[in-house]
2 protein chains.
Amino acid sequence: MQFRDMTADTPTLEAPRGTRSAFVTERVRDMITSGQLEPGSRINERVLVEQLNISRTPLREAFKILEREGLISIRPNVGATVVVFTMDDVEASIEVLIGLESIGAERAAERATEAEIAEISDLHDRMVAAFEAGELMTYFHINQDIHQKIIDAAHNPALSRVYAEECARIRRFRFAGNRDEARWTRAVHEHEQIRDALIRREGPLLRELLRAHHVAGWTAARRALEAEEAATGRAVAQ
Amino acid sequence: MQFRDMTADTPTLEAPRGTRSAFVTERVRDMITSGQLEPGSRINERVLVEQLNISRTPLREAFKILEREGLISIRPNVGATVVVFTMDDVEASIEVLIGLESIGAERAAERATEAEIAEISDLHDRMVAAFEAGELMTYFHINQDIHQKIIDAAHNPALSRVYAEECARIRRFRFAGNRDEARWTRAVHEHEQIRDALIRREGPLLRELLRAHHVAGWTAARRALEAEEAATGRAVAQ
DNA sequence: AGAGCCAATATTGCATGCAATTAATCCCGA
DNA sequence: TCGGGATTAATTGCATGCAATATTGGCTCT
């Protein structure tokens, strides 16, 4: 089982569409989150420039964006290095996500439109289908979508933005726990309760269910990651 | 009363220190948050380049950073425009800040060191002194510092980062309510309770106090901003 | 006069070159 | 053989020029 491949989108060598800056930003971001660029390593501009067949200008613009996203660190006159995530860093982010979902849950229960709830419910069904078919990748993506859609249903643009950003940072680690069959089954069950609470618009319950869901998910994920860490002898990092 | 001058640091025309990119980023950010660059207006690269006496390269890097911060919006082949904040946008951010402080408060009550609590308590005393001296500017800065320090005391780097970012986005609007003398007095009183709750490490109480503090603060701020909006005939925006 | 189209102008996106800074290499002495 | 310092190489930061795109102004036609 390759952890690395779980959430990485297929890295097709597509031609740059839109601005080169946007293209290279997305491309380098993928290279980091997929582990292609090793955490802690320096990023050589020239190598990347040749590899992506663009000039240094858009690459350096991408660096500035990715630094702001917290994926790389730029030291003036030295260069960019891939940020190393420790287990505690991920846990800290999870804690933030829980806090964001807490407020999102209550607001979503109040403000969600029936259409939004129906869409989430529909996503849930498709996620269950993916689970039953054993399609981990599909499950992950729908899962992520459900959580974001619940947040979006709170109708708070700032919340949606911050949540999405923080989510993206730790995407790879979040669902590692579901590799455990028992945990995965349990997660699906929890999601059923989450959907029901949303349909009944029970804010406090929804909030608590989401909190417990994340705590349980992260506990399992952390265990799995620590096992992998022990096996590979490397620190967990994106 | 110039709203614009409240939080704007003295815009000294200092020489660029560090990289030009960092200098120009900070400079343009100040120009936006101070209102020098009008919300909704297009930003002309050439004008800014001449004004700041740098080339387009570092300016364009700054644009990418500021876009990521949500201060400007870049349309490819068209240019950068200053993002317009509506009242609801600010309110949404406040809601996020409340959510972040909620989780921060409980963790801070658990994890804060005695030194951190002492530092916050000290800041509080200095803030009260600024209040009694009627120094609004000083009060604002210390106030902001206190809130950030409480968050920092949660010992969650992700939380500290996200909080600081969101705080910066709406800095100008947050304390507008304190221009009302009565509200200002009340805010100081609330801060006293906040400090006491932290010293006694009463997490849930601290959390609720902070929530109420922000709600009351924003209610007053919103009222003040809407009055200003009516007076100037312009939408509230940074 | 007003709408639509075309040319002229302005502005952006990107590549490249040069200077400044840092990292790597080599040489020398202990 | 190992450490320290100077020289060389590599890398970064920035300015600038050119091509591509969007905007503006003017013109024609209805």
Side-chain angles (χ1 to χ4, degrees), chain A residues 12-32 36-84, chain B residues 12-32 36-84:
Chain A
T12 53
L13 285 177
E14 62 204 324
R17 67 179 59 199
T19 66
R20 280 167 172 66
S21 180
F23 161 76
V24 75
T25 302
E26 192 176 340
R27 198 75 190 70
V28 175
R29 190 192 290 120
D30 281 349
M31 292 174 81
I32 293 170
Q36 201 173 334
L37 288 172
E38 211 167 330
S41 67
R42 281 249 315 260
I43 305 178
N44 190 305
E45 281 184 7
R46 192 177 46 78
V47 171
L48 231 53
V49 157
E50 287 168 8
Q51 198 170 332
L52 299 176
N53 201 34
I54 39 91
S55 78
R56 288 176 57 214
T57 306
L59 178 63
R60 289 177 54 77
E61 289 178 358
F63 278 2
K64 296 292 181 183
I65 295 170
L66 295 171
E67 182 185 38
R68 203 77 196 68
E69 290 181 7
L71 292 177
I72 67 174
S73 162
I74 302 177
R75 278 196 309 164
N77 290 317
V78 177
T81 60
V82 183
V83 165
V84 178
Chain B
T12 53
L13 285 176
E14 61 205 322
R17 68 179 59 200
T19 65
R20 280 167 174 66
S21 180
F23 161 76
V24 76
T25 301
E26 192 176 341
R27 198 75 190 73
V28 175
R29 190 191 291 120
D30 281 348
M31 293 173 81
I32 294 170
Q36 201 173 334
L37 288 173
E38 211 167 329
S41 67
R42 281 249 315 257
I43 306 177
N44 189 303
E45 282 184 7
R46 193 177 47 78
V47 172
L48 232 52
V49 157
E50 286 169 9
Q51 200 169 331
L52 299 176
N53 201 35
I54 38 92
S55 78
R56 287 175 58 215
T57 307
L59 178 62
R60 289 177 52 78
E61 289 177 357
F63 278 2
K64 296 292 180 183
I65 294 171
L66 295 171
E67 183 185 39
R68 200 84 200 101
E69 290 180 8
L71 292 177
I72 66 174
S73 161
I74 302 177
R75 277 195 310 164
N77 289 318
V78 176
T81 61
V82 182
V83 165
V84 178

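In what follows, every chain begins at residue 1, and chains take the letters A, B, ... in the order their sequences are listed.
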Is there side-chain contact between B:Ile43 and B:Val82, with at least one heavy-atom pair below 4.5 Å?
-> yes
Validation row: B:Leu37, B:Ile72 side chains within 4.5 angstrom (heavy atoms) | no
Looking at every strand, decide which applies to B:Ile43 at a 4.0 Å heavy-atom threshold: base, sugar-phosphate, or nothing.
-> sugar-phosphate
Protein-nucleotides 13-19 of chain D N/O pairs under 3.5 Å:
{"unit_1": "D:dG13", "atom_1": "OP1", "unit_2": "A:Asn77", "atom_2": "N", "d": "3.2"}
{"unit_1": "D:dG13", "atom_1": "OP2", "unit_2": "A:Arg60", "atom_2": "NH1", "d": "2.2"}
{"unit_1": "D:dG13", "atom_1": "OP2", "unit_2": "A:Arg60", "atom_2": "NH2", "d": "2.8"}
{"unit_1": "D:dG13", "atom_1": "N7", "unit_2": "A:Arg56", "atom_2": "NH2", "d": "3.0"}
{"unit_1": "D:dG13", "atom_1": "O6", "unit_2": "A:Arg56", "atom_2": "NH1", "d": "3.1"}
{"unit_1": "D:dC14", "atom_1": "OP1", "unit_2": "B:Arg20", "atom_2": "N", "d": "2.2"}
{"unit_1": "D:dA15", "atom_1": "OP1", "unit_2": "B:Arg20", "atom_2": "NE", "d": "3.1"}
{"unit_1": "D:dA15", "atom_1": "OP2", "unit_2": "B:Ser55", "atom_2": "N", "d": "2.7"}
{"unit_1": "D:dA15", "atom_1": "OP2", "unit_2": "B:Ser55", "atom_2": "OG", "d": "2.2"}
{"unit_1": "D:dA15", "atom_1": "O5'", "unit_2": "B:Ser55", "atom_2": "OG", "d": "3.3"}
{"unit_1": "D:dA15", "atom_1": "N7", "unit_2": "B:Thr57", "atom_2": "OG1", "d": "2.8"}
{"unit_1": "D:dT16", "atom_1": "O4", "unit_2": "B:Thr57", "atom_2": "OG1", "d": "3.3"}

Atom pairs, N/O to N/O, protein against nucleotides 5-7 of chain C, distance under 3.5 Å?
none

Passes side chain to side chain contact (heavy atoms under 4.5 Å, CB included), B:Asn44 versus B:Val49? Steps please.
-> CA-CA 9 Å; B:Asn44 189 303; B:Val49 157; over 6 Å; no
What pairs with B:Arg42 under side chain to side chain donor-acceptor pair (under 3.5 Å), at least two apart in sequence or on another chain?
-> none
With side chains defined as the heavy atoms from C-beta onward, is the minimum distance between A:Lys64 and A:Ile74 less than 4.5 Å?
-> yes
A:Glu26 versus A:Met31: any side-chain heavy-atom pair under 4.5 Å?
-> no
Trace of the side chain to side chain contact (heavy atoms under 4.5 Å, CB included) decision for B:Glu61 with B:Val24 | CA-CA 9 Å; B:Glu61 289 177 357; B:Val24 76; over 6 Å; no
Do B:Thr19 and B:Phe23 have side-chain heavy atoms sitting under 4.5 Å apart?
-> no
